[in-house]
Enquirer: 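Before I ask anything, here is the structure I am working with.
Bear in mind the structure is a predicted one, so any value in this text is a computation, not a measurement. Proteins come first, then strands; the chains are lettered A, B, ... in the order of their sequence lines, and each starts at number 1.
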Amino acid sequence: MRFSPRDNAFFDLFAASASNLREGVRLLSEALASDADRAEIAVRLKEVEHQGDEHTHEIVRRVNSTFVTPFDREDIYRLSGALDDVLDDVEAALDLMVLYRVGDLPSGVGDLVDVLDRAAELTAGAMPRLQTPSDLTDYWIEVNRLENQADQDYRRLLARIFSGEYDALTVHKLKDVVDTLESAVDGFETVANIVEQIAIKES
Amino acid sequence: MRFSPRDNAFFDLFAASASNLREGVRLLSEALASDADRAEIAVRLKEVEHQGDEHTHEIVRRVNSTFVTPFDREDIYRLSGALDDVLDDVEAALDLMVLYRVGDLPSGVGDLVDVLDRAAELTAGAMPRLQTPSDLTDYWIEVNRLENQADQDYRRLLARIFSGEYDALTVHKLKDVVDTLESAVDGFETVANIVEQIAIKES
Amino acid sequence: MRFSPRDNAFFDLFAASASNLREGVRLLSEALASDADRAEIAVRLKEVEHQGDEHTHEIVRRVNSTFVTPFDREDIYRLSGALDDVLDDVEAALDLMVLYRVGDLPSGVGDLVDVLDRAAELTAGAMPRLQTPSDLTDYWIEVNRLENQADQDYRRLLARIFSGEYDALTVHKLKDVVDTLESAVDGFETVANIVEQIAIKES
């Protein structure tokens with residue numbers, strides 16, 4: 001099925017939310033460079049997060065005031081919340097890097113952020129096509145595949161962090177940063193799973 | 001809309017559950033004092049938790065045996081489960097303090113417990129008004145605001161715990177206690193989000 | 001109520017998924033022995049996990065292509081996802097043991113795996129009876145009881161791990177393994193709670 005044109009406002013808001021999330025991941029990626037001014041980038045990322053909150057609130061307001069929604073109110077609510085959760089994790093990861101003054105990061109961290117970057121790109125590409133969710137099969141399969149791969153990389157990264165290369169406090173700090181990145185990857189999978197469920201209902 | 005009077009039993013049970021949760025948080029707060037007998041308070045908190053389990057089971061039994069419920073069965077189920085989860089975390093936090101013999105806690109822990117105390121007060125105030133969920137907007141906005149603030153405090157508290165002030169095992173113990181408190185704060189936000197969703201459906 | 005015979009395919013798939021999960025837990029249990037070849041068992045567990053993924057995909061495919069499902073599409077989806085999550089944790093726990101080369105484990109780890117074994121047995125026994133979910137009360141009460149007990153054991157195990165008996169990096173590794181096992185126990189409770197909710201709706 002196709003949703004009717006009057007529903008465009010919701011689709012536009014989800015597209016804007018995912019596009020904003022992609023910008024947030026881009027800033028996180030920029031912050032990994034060893035000469036990056038992380039504190040300054042964190043300020044810009046916080047602005048991106050506030051922008052994301054605006055999109056989320058606008059979606060919730062619109063769900064409240066609209067009689068007919070393009071798909072279940074609960075799914076609209078869950079999807080906007082799930083996009084918001086990913087951006088929260090992305091912002092938290094950079095905030096922790098700044099607070100902990102972690103300095104150079106093990107190379108595996110860059111690999112995890114690359115996965116986030118790819119998942120953000122896929123998600124930003126999928127949201128504008130939410131009107132025909134059954135066409136998004138490739139998107140959610142690929143995000144699930146990325147998450148599975150990231151899971152493997154994450155555990156191998158932990159094994160390195162626990163290998164004796166780092167002092168006790170640095171181990172704590174790196175683990176916390178890496179756990180937050182892993183949670184962001186999981187969050188992209190949650191978004192993809194919600195889209196899959198919407199497609200199942202609409203089919 | 002307003003729910004009909006026959007539904008009062010559910011609202012009374014949610015009010016009792018939230019009031020019981022507030023008592024649990026009060027005990028946790030009491031246990032922070034440096035001269036508190038934490039083991040003894042933990043026994044009383046465990047009784048409060050058992051009382052909470054009774055409320056939860058009573059709600060589930062009633063959902064099973066009642067033909068008409070004031071709002072979706074699933075939302076009743078989710079809300080009672082979410083209140084139960086917060087109390088579990090509150091009880092777990094104190095149990096860990098006792099098991100780990102953590103002694104004096106960094107002052108940021110008291111700030112987190114103050115947030116729990118405020119969220120418990122707001123939740124206990126909101127539950128008796130669940131019959132008109134659309135009036136609870138201030139409640140869930142404020143709990144979300146508290147959770148955002150607590151997130152910032154939590155990360156700054158971790159930065160202090162990882163600063164070198166504490167020995168390696170104390171770092172582990174404090175992190176575990178603090179993570180459990182942060183999970184309790186998140187739990188109050190989950191409760192507020194469920195109430196918001198109930199209000200959206202009923203509007 | 002009883003579900004109609006035409007729905008048997010779903011029940012068969014859930015039974016197969018739970019039986020496969022039980023085999024995964026059995027392998028994890030085997031891997032705890034001090035003379036076990038964990039890397040070799042991990043390879044076999046990975047195959048069991050792939051088999052589980054097949055069941056999950058088959059359930060989702062069937063939800064998509066079937067007009068009438070025995071219970072809510074969303075609950076079918078959630079239940080298969082929840083079974084999948086437990087197996088992911090079981091597989092992750094063994095993968096971490098291998099990656100971290102943890103060697104002998106504290107005895108409390110065996111107790112947690114025994115709980116997983118019992119929960120897997122109960123779940124495998126319950127899934128073939130999903131056609132009459134109201135008969136499964138004993139199952140979900142017992143899994144909830146097991147989870148509560150495991151929570152206590154888990155915290156006492158952490159207290160031992162943080163007691164000073166292990167070096168700093170071993171503490172990190174053991175905590176990570178034990179957290180993953182605890183998450184698997186929670187996952188069995190999630191499965192039981194979904195079954196309870198299905199029973200409530202069908203009653």
Enquirer: Charged N to carboxylate O below 4.0 Å: is that the case for C/E74 and C/R78?
Expert: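 No, this pair does not count.
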
Enquirer: With no hydrogens and no angle check, is any side-chain donor or acceptor of C/T66 less than 3.5 Å from a backbone partner on C/V63?
Expert: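 No.
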
Enquirer: Output the residues of residues 168-175 of chain A for which the shortest heavy-atom distance to chain C is under 4.5 Å, in residue-number order; output 'none' if no such residue exists.
Expert: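 Expected list: A/A168, A/V171, A/H172, A/K175.
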
Enquirer: Go through the side-chain N and O atoms of A/Q197 and C/R73 and say whether any donor and acceptor fall under 3.5 Å apart.
Expert: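 Short answer, no.
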
Enquirer: Which atoms of A/N148 are under 4.5 Å from chain C, going by heavy atoms: the side chain, the backbone, both sets, or neither?
Expert: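 Looking at A/N148, nothing touches chain C.
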
Enquirer: Quick check: are there more than 12 heavy atoms from other residues, nucleotides or ligands sitting under 6.0 Å from CZ of A/R101?
Expert: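 Counting neighbours around CZ of A/R101, 12 or fewer heavy atoms of other residues, nucleotides or ligands fall under 6.0 Å, so no.
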
Enquirer: A/S183 and side-chain hydrogen bond (donor to acceptor under 3.5 Å, both in side chains): which partner among A/D89, A/D85, A/D88?
Expert: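 The option that passes is A/D89.
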
Enquirer: Within the 3.5 Å criterion, strictly below it, is a donor on C/N8 or C/Q131 matched to an acceptor on the partner's side chain?
Expert: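 Present: a donor and an acceptor within the cut-off.
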
Enquirer: Going by atom types alone, do C/D179 and C/Y154 pair a side-chain donor with an acceptor below 3.5 Å?
Expert: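 Yes, side-chain donor-acceptor contact under 3.5 Å.
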
Enquirer: Using a 4.5 angstrom heavy-atom cutoff, name the option from C/D176, C/L96, C/D95 with the most pairs to chain A.
Expert: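 The candidate making the most pairs under 4.5 Å is C/D95.
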
